[in-house]
Protein chains: 2
Amino acid sequence: MLAAMQDHPPPRETNPELDKLVTEIIGRVADKWTMLVLEILTENERLRFTRIAEQLEGISQKMLTKTLRQMERDGLLQRTVYPVVPPHVEYQLTELGLSLSAAFCGVWMWAEKNRGELLRARAQFDATPAAGVPQPRVAV
Amino acid sequence: MLAAMQDHPPPRETNPELDKLVTEIIGRVADKWTMLVLEILTENERLRFTRIAEQLEGISQKMLTKTLRQMERDGLLQRTVYPVVPPHVEYQLTELGLSLSAAFCGVWMWAEKNRGELLRARAQFDATPAAGVPQPRVAV
DNA sequence: CGGCATCCTCCTGGATACTG
DNA sequence: CAGTATCCAGGAGGATGCCG
């Protein structure tokens, strides 16, 4: 399986401007909260503000609002307001959002599958005698 | 938080602690510079510090060092020091790093494929009369 | 050349309080 | 309930200087 991975074809960008744009998109989209909202809304297709907040324990209301606004702006989700009292707002992913969610699936699986190895690597790295000054492989 | 989920949705995490760990990993790994270094080292399998810096125009030496250290700690790349003067240090991805690079491939392709639609969505969103107060879809 | 240390600035993001 | 507005602390990260 690892062997099959060695010839993985990287989606190569050679155009500087395009590359920059793509990078910018990645930077915006590969944010922790964005990914989690994507995940939550993939499972429950329609949710209101508070419901999302409940599943993101640790996020502040400010960050959630900001994250949802950004995602809406980027066309990843749609915001629906029901003009009632008290206010009722629902969020759901667009086709674009769903496709991004699918794209991130690989990364999620990677994280789940390799968390052990990653933690092991960390532990080993941190176990070096001189803290902060790791012992890199030295070659001649 | 996810306590009320006794059933098993698609291919998802239902264990809170696991979910948290995976989330933490995602958060660390889904960083802009990390992704770019991953990309660069996928193409050129061995590069020294300055060569990497050249391809990451805009990054400070401090950030590059930090990024490389984190990646080394997480077992994504290997650092090789040649004890000569002047110093010569090379970096190359490990199997783990290569597999992560492959996992991100999908997101990269998504960004390239959908950048147009994303920009269009943004433009439309920004074109709303009251800036900052978008006109969400209102339902009854 | 690679990289650590220091200083300093800016932005992120949390806490809180107030509305429609 | 779903925000917006304000204040404020802490960390991210750039610039500079020195060293092996």
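Treat the numbers as computed from the prediction; the structure is a model and nothing was measured. By convention in this document, chain letters (A, B, ...) are assigned in the order of the sequence lines, proteins followed by strands, and residues within each chain are numbered from 1.
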Does D:dC1 have OP1 or OP2 sitting under 4.0 Å from an N or O in the side chain of A:Arg51?
no
Whole-Å distance, B:Lys32 NZ to D:dA12 P, equals 16 Å
Would you tell me if any nitrogen or oxygen in the side chain of A:Arg79 comes within less than 4.0 Å of OP1 or OP2 on D:dA2?
no
Would a distance-only check, ignoring hydrogens and angles, find a side-chain to backbone donor-acceptor pair under 3.5 Å from A:Thr34 to A:Ala30?
no
I need the CG-P distance between A:Leu47 and D:dC1, as an integer number of Å.
15 Å
Atom pair CD/CG of B:Glu43 and B:Leu93 - distance to nearest 0.5 Å
11.0 Å
To the nearest Å, how far apart are B:His88 NE2 and C:dC1 C1'?
10 Å
Only one of B:Arg79, B:Arg46, B:Arg48 forms a side-chain hydrogen bond (donor to acceptor under 3.5 Å, both in side chains) with B:Glu90, so which one is it?
B:Arg46
Over how many whole Å does the gap from B:Glu72 atom CD to C:dG3 atom P extend?
9 Å
A:Leu38-A:Met109 co-clustered via ILVMFWY side chain contacts under 4.5 Å
no
Relative to the ring of A:Tyr91, is the ring of A:Phe49 parallel (under 30°), tilted (30 to 60°) or perpendicular (over 60°)?
tilted
Rounded distance (nearest 0.5 Å) linking atom CD of B:Gln55 with atom CG of B:Asn44:
5.5 Å
How does protein contact run along nucleotides 13-20 of chain D, one letter per nucleotide 5' to 3', with B for base contact, S for sugar-phosphate only, - for none, heavy atoms under 4.0 Å?
BBB----B
Residue-phosphate contact under 4.0 Å: A:Tyr91 side-chain N/O, D:dG3 OP1/OP2
yes
Short side-chain N/O contact to D:dG3 OP1/OP2 from A:Arg48, under 4.0 Å
no
Length of the line joining A:Leu56:CG and D:dA2:P, which is rounded to integer Å:
14 Å
I need the CG-C1' distance between B:Leu68 and C:dG3, as an integer number of Å.
11 Å
